[in-house]
Amino acid sequence: MQDLIHNAEYKKQIIAEYKGNPFIEALPEIIPANQVVSKLASFPPYDKNERQLDSQYRIHLIGRLYDIFQPLMIHLDLESRISRVIRQGYISRNIFDKAFVSNQYRSTAGSFTLLGVSGMGKTSAVNKVLSLYPQVIVHSKYKDKELSRFQVVFLRLECPYDGSIKGLCLSFFNKVDELLDTDYYSRFGSGKLSIDNMLVAMSNIAKNISLGLLVIDEIQNLNKSKSGGSERMLNFFVTLVNTIGLPVILIGTPEAMGVLQGKFRQARRGSGLGDMVFERLDNDINFDLLINAIWGYQWTKRPTALTDELKDTLYDQSQGIIDIAVKLYALAQTTAISSGKEEITSALIKQVADESLKLVKPMLNALRTGNVREIAKYSDIYILAI
């Protein structure tokens, strides 16, 4: 628990609304885009001499490809939105503000949804951005005022696979207990409490721990909730935003769009941040950035220079889906090494795509043809206008 907890260090604020608010002043400083890129980027070690190792070792080294994180423009947009939504949510929740103490404050919280095709790294991107913040900040004294307070900057939960509200509440209690060594799960997670009472407890706890942001992932699971459970849960999220001023971000595949057309739209519109869609990459500068980042990690004995033909082949076979592009490159290297050919070619990339991507091939073919009727068959890749 100690590794997650940081003592508050208050920083001078440029923006007037952020001044005099310990919850905002204790956050990391707002940084320019170039610094965001360097903080988000992740490039594991690489030594070209590793290409001379025996094949069994080199095949293991290929796993480093999955540790690469190359920031793209959409990641910078995401960082900016999260930075704003956390701070704006705290504006009206200043513990030294009389309006907040008397519960007569006006919520300044905003929210947004993040939808995207499976394999575009939505969760990884959010986790990367959240890693820029301490998760728990301990306040003991602010200027000359005593302040004994935990501030949980963010909490990320996964929507239960069956869309269960009870499951979400239990997950919330458990996560807070892990962070703060509390006993909320045993107090409020028993079978004696109704769902409504659990939701009230969750709301009160979020307020008491000065929660800055609640992130709910896999929100498409609400499709599986029974007897109006999805609308009930979305209503609860709206209550968190409007009543206690807690920003909420919902993450999911396009399959979630059906359940998000209702109540939560009202809350997220109020933020002015709009919705985010992680669409598959076009074959442009963003895809170039991704492929150039991973291409330098090559363990075949015959190094292959990146050409337009190879990049276009990777794009065609992955259709701009980040996870598939990286997997294809990794599989191509593995096959090149294990076969003794020790060289990456366009023909090899096509071969491994045919042999190893059979389950997703119908979806990729639908994307390749651009046939809307075919694409619409696959709910996790079909994106309509929100």
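Residues take their numbers from the sequence shown, with the count starting at 1.
Separating the CG atom in D181 from the CZ atom in F150 is a distance of 9.0 Å, to the nearest 0.5 Å. Annotation: the span from L199 atom CG to F237 atom CZ amounts to 9.0 Å, rounded to 0.5 Å. Rounded to the nearest 0.5 Å, atoms CG (L130) and CG (L78) are 8.0 Å apart. Separating the CD atom in E9 from the CG atom in L27 is a distance of 12.5 Å, to the nearest 0.5 Å. Distance check: D97 CG to S92 OG gives 8.0 Å after rounding to the nearest 0.5 Å. We find the CE-CG distance between M363 and L367 to be 9.5 Å, quoted to the nearest 0.5 Å.
Residue R58 is tested with E342, Q333, Q52 for a side-chain hydrogen bond (donor to acceptor under 3.5 Å, both in side chains); the sole match is E342. Under the side chain to side chain contact (heavy atoms under 4.5 Å, CB included) rule, Q220 has a single partner from T253, L250, L115, I251, which is T253.
Summarising the geometry of I244 relative to R93, their closest heavy-atom pair is O-CD, 3.1 Å, with the distance given to 0.1 Å. For E29 against K11, the heavy-atom pair with the smallest separation is CG-CD, 3.5 Å. In terms of heavy-atom proximity, I349 sits nearest to A332 at CG1-CB, 4.2 Å. Counting all heavy atoms, side chain and backbone alike, L53 lies closest to L61 at CD1-CD1, 3.9 Å. Scanning all heavy atoms of the two residues, the minimum distance from C159 to G163 falls at SG-CA, 4.3 Å. The heavy-atom pair separating E343 from T304 by the smallest distance is CG-OG1, 3.7 Å.
No side-chain heavy atom of E355 sits less than 4.5 Å from a side-chain heavy atom of K350. The shortest distance between side-chain heavy atoms of P22 and L147 falls below 4.5 Å. Side-chain contact check for R87 versus I30: some heavy-atom pair is nearer than 4.5 Å. Using a 4.5 Å heavy-atom cutoff, the side chains of S318 and F287 are in contact. The shortest side-chain heavy-atom distance between D217 and L157 does not fall under the 4.5 Å cut-off. Side-chain atoms of I24 and Q13, non-hydrogen and from C-beta on, do get closer than 4.5 Å to each other. In this structure, T182 and R187 have side chains that are not in contact, with every pair of non-hydrogen atoms separated by 4.5 Å or more. Under the 4.5 Å side-chain criterion, counting only non-hydrogen atoms from C-beta, V85 is in contact with L213.
Of the possible polar contacts, one joining the S131 side chain to the K128 backbone as a donor-acceptor pair under 3.5 Å is found. At least one donor-acceptor pair under 3.5 Å links the side chain of R84 to the backbone N or O of S80. Put simply, the side chain of Y184 never gets that close to the backbone of K175: no donor and acceptor are under 3.5 Å apart. Of the possible donor and acceptor atoms, none in the side chain of S356 sits under 3.5 Å from a partner among the backbone N and O of A353. Judged purely by atom type and a 3.5 angstrom limit, S339 uses its side chain to pair as donor or acceptor with the backbone of T335. Not a single donor-acceptor pair under 3.5 Å links the side chain of Q151 to the backbone N or O of V138. Under a 3.5 Å cut-off, the side chain of H60 and the backbone N or O of Y57 do not form any donor-acceptor pair. Side-chain N or O atoms of N208 include one that pairs as donor or acceptor with a backbone N or O of N204 at under 3.5 Å. For the pair E279 (side chain) and G116 (backbone), a donor-acceptor distance under 3.5 Å is absent. In this structure a side-chain-to-backbone donor-acceptor pair under 3.5 Å is missing from R156 to V215.
Neither V200 nor L211 shares a network with the other; the hydrophobic side chains, linked directly or stepwise wherever heavy atoms of I, L, V, M, F, W or Y lie under 4.5 Å apart, form separate groups for each. Note on I15 and Y133: same hydrophobic cluster, where clusters join Ile, Leu, Val, Met, Phe, Trp and Tyr whose side-chain heavy atoms are under 4.5 Å apart, directly or indirectly.
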> Do L180 and D177 pass the side chain to side chain contact (heavy atoms under 4.5 Å, CB included) test, and can you show the C-alpha distance, the side-chain angles, and the key distance before you say yes or no?
Replying inline: CA-CA 5 Å; L180 303 181; D177 286 349; over 6 Å; no
>> side chain to side chain contact (heavy atoms under 4.5 Å, CB included), that's the test. Do D316 and R368 meet it? Break it down for me.
In response: CA-CA 7 Å; D316 181 62; R368 188 176 291 112; 3.1 Å; yes
> Given the rule in the side chain to side chain contact (heavy atoms under 4.5 Å, CB included) test, do I324 and V360 qualify, once you have shown the distances and angles that lead to the verdict?
Replying inline: CA-CA 9 Å; I324 293 178; V360 296; 4.3 Å; yes
>> Does R149 form a side chain to side chain donor-acceptor pair (under 3.5 Å) with S210? I'd like the steps, not just the answer.
In response: CA-CA 8 Å; R149 190 91 173 190; S210 302; 3.0 Å; yes
>> One pair to check against side chain to side chain contact (heavy atoms under 4.5 Å, CB included): N286 and D288. What are the steps and the verdict?
In response: CA-CA 5 Å; N286 283 293; D288 288 350; over 6 Å; no
> Please walk me through it: do K311 and N283 pass side chain to side chain donor-acceptor pair (under 3.5 Å)?
Replying inline: CA-CA 9 Å; K311 181 175 71 72; N283 193 0; 3.0 Å; yes
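Counted within 6.0 Å of CD1 on I31, heavy atoms from surrounding residues, nucleotides or ligands total more than 12; the atom is thus considered enclosed. Applying the 6.0 Å contact sphere to OH of Y66 captures more than 12 heavy atoms from other residues, nucleotides or ligands. Taking a 6.0 Å sphere around CD of Q351, one finds it holds more than 12 heavy atoms contributed by other residues, nucleotides or ligands.
Side-chain polar atoms of N174 and E178 form a donor-acceptor pair below 3.5 angstrom. Between the side chains of N197 and S194, a donor-acceptor pair is found at a separation under 3.5 Å.
Ring geometry for Y329 versus W295: interplanar angle under 30°, hence parallel rather than tilted (30 to 60°).
The residues R64 and E50 are annotated as salt-bridged, a charged nitrogen and a carboxylate oxygen being separated by less than 4.0 angstrom. For the pair R232 and D196, the salt-bridge criterion is met [side-chain N within less than 4.0 Å of a carboxylate O]. D77 and R81 are joined by a salt bridge, as a carboxylate oxygen and a charged side-chain nitrogen come within less than 4.0 angstrom of each other.
Taking the six-membered ring wherever Trp is involved, the centroid distance between the rings of F23 and H139 falls below 6.0 Å. Ring centers of Y18 and Y90: at least 6.0 Å apart, outside the cut-off. Aromatic pair W299/Y46: ring centres closer than 6.0 Å.
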